[in-house]
**Q** 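Just dropping this structure here.
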Amino acid sequence: MPRGGGLMAPRVHPLLLLLLCTLAAPAWPGSGSEGDGGWQRRGPGVPAAVAEEERCTVERRAGLSYAEFVQHYAFSRPVILQGLTDNSRFRALCSRERLLASFGDSVVRLSTANTYSYQKVDLVFQEYVEQLLHPQDPTSLGNDTLYFFGDNNFTEWASLFRHYTSPPFGLLGTTPAYSFGIAGTGSGVPFHWHGPGFSEVIYGRKRWFLYPPEKTPEFHPNKTTLAWLQDTYPALTPSARPLECTIQAGEVLYFPDRWWHATLNLDTSVFISTFLN
């Protein structure tokens with residue numbers, strides 16, 4: 001695993017401008033609007049979002065049948081699925097106030113936000129929410145950024161996961177497994193690949209970058225997605241750019257087997273993936 005030293009102050013690029021800095025008073029736990037579940041912590045100097053992509057190059061489909069899914073997407077390309085499931089109950093249980101009330105004292109296992117996630121850190125969930133959900137520093141390396149995703153204690157969190165309805169599309173010979181996560185604005189995981197799966201945004205927005213298996217992206221495994229977006233993405237020719245899109249709350253992205261992908265949370269985001277192993 002490559003490890004770097006300190007980085008120089010980043011160049012400012014329009015793709016990375018932190019937009020709409022709000023002057024509103026800080027929010028308190030449970031006081032967020034119904035739409036954000038209380039996860040968007042507004043205050044002086046806190047960015048409301050990082051820049052979205054100018055266009056989406058992943059197809060969105062509503063009312064997709066299983067036959068269409070298998071024929072056109074399951075083994076060939078990503079797709080954004082809309083309206084397949086109703087997870088309003090699960091969404092309500094994932095508000096900041098309710099998750100802290102139910103699991104605030106639970107110990108969660110955090111991973112470093114680099115390609116191989118080789119370091120794990122255990123932390124009380126409430127401490128993670130209150131101390132580590134700050135906007136990503138573009139100069140921080142992946143192994144200095146802790147990220148809550150996967151490594152869930154399914155016994156301890158079973159009372160939450162039983163309310164989640166995963167996408168109804170399976171693949172022959174695979175078994176679904178959940179990975180639940182919460183991460184701050186500008187955080188994400190750099191390029192990596194694994195088996196196929198679905199990823200649903202519950203609160204916030206998550207930007208995805210995807211390459212097919214035969215097209216290895218140019219990236220540093222210990223630099224964050226935010227740093228890649230600043231340093232590498234602007235120089236890519238149109239033919240070298242990834243498929244990309246911002247997944248909104250309630251949408252589900254499907255990614256096929258061995259597709260390279262990197263993620264970037266545009267807000268504090270709550271999300272759950274269903275891996276087909």
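Bear in mind the structure is a predicted one, so any value in this text is a computation, not a measurement. Hydrogens, waters and symmetry mates play no part in the numbers below; they use all other heavy atoms, side chains included. For reference, positions follow the sequence shown, starting with 1.
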**Q** Keeping the roles fixed (side chain from Glu244, backbone from Thr57), state whether a donor-acceptor pair exists under 3.5 Å.
**A** no

**Q** For Phe103, which of Phe125, Trp157, Tyr128 qualifies under ring-ring contact (aromatic ring centres under 6.0 Å, His included)?
**A** Trp157

**Q** Answer whether the closest heavy-atom distance between the side chains of Tyr164 and Phe180 falls below 4.5 Å.
**A** no

**Q** Applying side-chain contact (heavy atoms from CB on, under 4.5 Å), run through Asp86 and Thr165 and close with a yes or a no.
**A** CA-CA 7 Å; Asp86 178 6; Thr165 302; over 6 Å; no

**Q** Do the ring planes of Phe191 and Tyr211 sit parallel (below 30°), tilted (30 to 60°) or perpendicular (above 60°)?
**A** tilted

**Q** Going by salt bridge (Lys or Arg N to Asp or Glu O under 4.0 Å), name the residues that satisfy it together with Arg77, two or more places apart in sequence or in a different chain.
**A** Glu59

**Q** Is the shortest side-chain heavy-atom distance between Lys223 and Trp228 below 4.5 Å?
**A** no

**Q** Can you list the steps and then say if Asn265 with Ser187 is a side-chain hydrogen bond (donor to acceptor under 3.5 Å, both in side chains)?
**A** CA-CA 5 Å; Asn265 296 295; Ser187 64; 3.0 Å; yes

**Q** Does Tyr203 reach the main-chain N or O of Arg91 with its side chain, forming a donor-acceptor pair under 3.5 Å?
**A** yes

**Q** How are the rings of Phe271 and Phe149 set to each other: parallel, tilted or perpendicular (split at 30° and 60°)?
**A** tilted

**Q** Any side-chain heavy atom of Ile247 within less than 4.5 Å of one from Ser199?
**A** no

**Q** Is Asn222 reaching over with its side chain to a backbone N or O of Asn143, donor-acceptor style, under 3.5 angstrom?
**A** yes

**Q** Looking at Thr225 and Val189, would you say the former's side chain and the latter's main chain have a donor-acceptor pair under 3.5 Å?
**A** yes

**Q** Share the residues that join Leu64 in a hydrophobic cluster, the rule being Ile, Leu, Val, Met, Phe, Trp or Tyr side chains under 4.5 Å apart at the heavy-atom level.
**A** Tyr66, Phe69, Val70, Tyr73, Phe75, Val79, Leu81, Leu84, Phe169, Leu171, Phe198, Val252, Tyr254, Leu276

**Q** Which label fits Phe275 and His194: parallel for a plane angle under 30°, tilted from 30 to 60°, or perpendicular past 60°?
**A** perpendicular

